[in-house]
Amino acid sequence: MQLNPPDHSNWLAAPSPSFSHQQKYWLFRPGALTAGLRKLGKVQLRVIREHADGLHPAEAWMLQRPPRQAIWVREIIMSIDGVNSVFARSFTPLQASHGLWQGMRRLRTRPLADMLYHNPQITRSGFAACRLNAQQPLYRSAQHILAEACPTPQALLARCSVFQRVGEPLLVAECFLPAFWSLAAAQSGSMP
Ligand SMILES: C=C(O[C@@H]1C=C(C(=O)O)C=C[C@H]1O)C(=O)O
């Protein structure tokens with residue numbers, strides 16, 4: 001399944017020519033991101049918040065559900081060797097978080113990856129990627145998570161994809177912090 005970002009959004013379903021080879025690699029790399037990060041160092045996951053919310057109009061296309069529908073949101077940050085590197089914002093319809101996707105509520109510091117990649121019922125869409133802007137909910141999450149250490153939106157590259165399980169979507173958006181790119185560049189072994 002292809003993700004189809006609306007024309008007015010800054011998400012693109014194909015790599016922007018402005019991305020470097022390394023950025024394209026990480027933004028469109030299939031499989032579990034946590035597994036890729038573990039090749040760079042020791043990964044630790046911290047849960048920032050898990051809560052019910054309304055689907056933001058700018059993110060409604062990702063779930064293909066109406067704006068303001070009730071959703072369950074999980075926000076986490078992952079560090080590599082103690083350096084904050086990637087944060088993630090994941091959400092599913094609130095009802096699904098009590099049903100098919102209820103595992104999402106029980107993870108605590110285990111990564112979502114633990115429940116996504118070994119179940120043949122679960123399929124994943126293609127990726128969309130973007131450079132953030134200040135209006136995006138993902139940037140609001142960055143500000144909440146990183147507080148005064150939050151970079152400008154232009155310094156943040158992100159990707160998203162949707163996992164589907166029997167018609168119920170789970171959106172996972174991941175944002176790579178500037179420190180991640182320095183770490184990845186220092187470890188050429190992680191490149192194809
Ligand atoms: C989906 C994965 O799990 C990671 C962990 C997440 C979590 O625990 O909330 C969210 C996004 C991912 O970066 C993955 O590794 O691919």
Side-chain angles (χ1 to χ4, degrees), residues 1 3 11 22-53 55-56 59 62-63 71-94 96-98 100-130 132 136-146 156-165 168-181 183-184 187 190-192:
M1 183 191 65
L3 266 189
W11 292 94
Q22 189 177 58
Q23 289 167 342
K24 286 178 193 160
Y25 170 72
W26 283 100
L27 290 166
F28 289 84
R29 179 189 179 283
L33 181 62
T34 34
L37 300 185
R38 284 184 188 125
K39 291 186 185 157
L40 302 179
K42 184 174 159 46
V43 174
Q44 279 180 312
L45 187 152
R46 192 156 50 92
V47 179
I48 305 295
R49 54 181 176 182
E50 296 180 285
H51 63 113
D53 203 352
L55 181 57
H56 193 285
E59 292 180 329
M62 297 173 175
L63 284 193
I71 56 170
W72 181 257
V73 184
R74 167 177 162 93
E75 290 174 341
I76 59 109
I77 187 159
M78 291 182 282
S79 62
I80 303 173
D81 291 338
V83 178
N84 281 339
S85 298
V86 177
F87 74 85
R89 166 178 166 84
S90 307
F91 50 90
T92 190
L94 188 62
S97 79
H98 292 294
L100 280 171
W101 288 115
Q102 59 182 278
M104 180 188 184
R105 287 171 171 265
R106 303 206 195 101
L107 285 168
R108 300 181 191 274
T109 57
R110 280 185 299 123
L112 254 178
D114 282 8
M115 54 178 260
L116 294 176
Y117 300 104
H118 307 289
N119 184 337
Q121 264 192 341
I122 299 175
T123 58
R124 186 184 207 173
S125 72
F127 292 104
C130 72
L132 293 192
Q136 274 170 285
L138 199 52
Y139 190 64
R140 301 276 165 77
S141 300
Q143 290 175 310
H144 176 82
I145 294 169
L146 301 163
L156 295 174
L157 293 179
R159 68 180 202 168
C160 70
S161 62
V162 181
F163 293 85
Q164 293 277 353
R165 185 172 181 187
E168 290 292 358
L170 168 66
L171 185 287
V172 176
E174 293 142 330
C175 180
F176 296 86
L177 299 177
F180 168 80
W181 300 111
L183 245 162
Q187 308 226 3
S190 64
M191 292 288 288

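One-based numbering, in listed order, for ligands and for the atoms of each. Side-chain atoms are counted along with the backbone in the values below, which use heavy atoms only and exclude waters and symmetry mates.
Polar contact with ligand 1: absent for Arg124 (N/O pair, distance under 3.5 Å). Here's the thing with Arg74: one of its N/O atoms is less than 3.5 angstrom from an N/O atom of ligand 1. Where the criterion is an N or O separation shorter than 3.5 Å, residue side chain and backbone included, Leu33 meets it with respect to ligand 1.
By the criterion of a heavy-atom distance under 4.0 Å, neither the backbone nor the side chain of Val86 is placed next to ligand 1. With a 4.0 Å cut-off on non-hydrogen atoms, Ile76 touches ligand 1 through its side chain and not its backbone. Only the side chain of Ala88 comes within 4.0 Å of ligand 1, counting heavy atoms alone; its backbone N, CA, C and O stay farther away. Residue contacts with ligand 1 for Leu107 are absent, since no atom lies close enough (heavy atoms, distance under 4.0 Å).
Among protein heavy atoms, atom 16 (O) of ligand 1 sits closest to Tyr117 OH, 2.6 Å. Summary of contacts: the protein heavy atom closest to atom 3 (O) of ligand 1 is Ala113 N, 3.2 Å. Residue, atom and distance of the protein heavy atom nearest to atom 5 (C) of ligand 1 are Leu112 N, 3.6 Å. Looking only at heavy atoms of the protein, atom 15 (O) of ligand 1 is closest to Thr34 OG1, 2.5 Å. Of the protein's non-hydrogen atoms, the one nearest atom 12 (C) of ligand 1 is Glu174 OE2, 3.1 Å.
Listed by number with element, the atoms of ligand 1 under 4.0 Å from a non-hydrogen atom of Val172 are 11 (C). Less than 4.0 angstrom separates some heavy atom of Pro111 from each of these atoms of ligand 1: 5 (C), 8 (O). Heavy-atom proximity to Met78, at under 4.0 Å, picks out these atoms of ligand 1: 13 (O). Heavy-atom contacts of Leu116 reach the following atoms of ligand 1: 1 (C) (cutoff under 4.0 Å). Every atom of ligand 1 with a heavy atom of Leu45 under 4.0 Å away is listed here by number and element: 8 (O).
Annotation: side chain of Trp11 is in contact with side chain of Gln136 (closest heavy-atom distance under 4.5 Å). Inter-residue side-chain proximity for Trp72 and Leu170 is flagged as unmet; no heavy-atom pair is nearer than 4.5 Å. A 4.5 Å side-chain heavy-atom check between Val73 and Arg49 finds every atom pair outside the cut-off. Between Trp181 and Leu157 there is a side-chain heavy-atom pair separated by less than 4.5 Å. Ser85 is not listed as a side-chain neighbour of Leu177, based on a closest heavy-atom distance of 4.5 Å or more.
The nearest pair of heavy atoms linking Gly103 to Met115 is C-SD, 3.6 Å. The two atoms that bring Arg124 and Tyr117 nearest to each other are NH1-OH, 3.3 Å, heavy atoms only. When every heavy atom of Ala35 is checked against every heavy atom of Arg29, the shortest pair comes out as C-NH2, 4.4 Å.
Taking the six-membered ring for Trp and the full ring otherwise, Phe180 and Phe87 have centroids separated by 6.0 Å or more.
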Can Leu107 and Ile76 be said to form a side chain to side chain contact (heavy atoms under 4.5 Å, CB included), step by step?
CA-CA 11 Å; Leu107 285 168; Ile76 59 109; over 6 Å; no

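The pair Glu59-Arg89 counts as a salt bridge, with a side-chain nitrogen and a carboxylate oxygen less than 4.0 angstrom apart.
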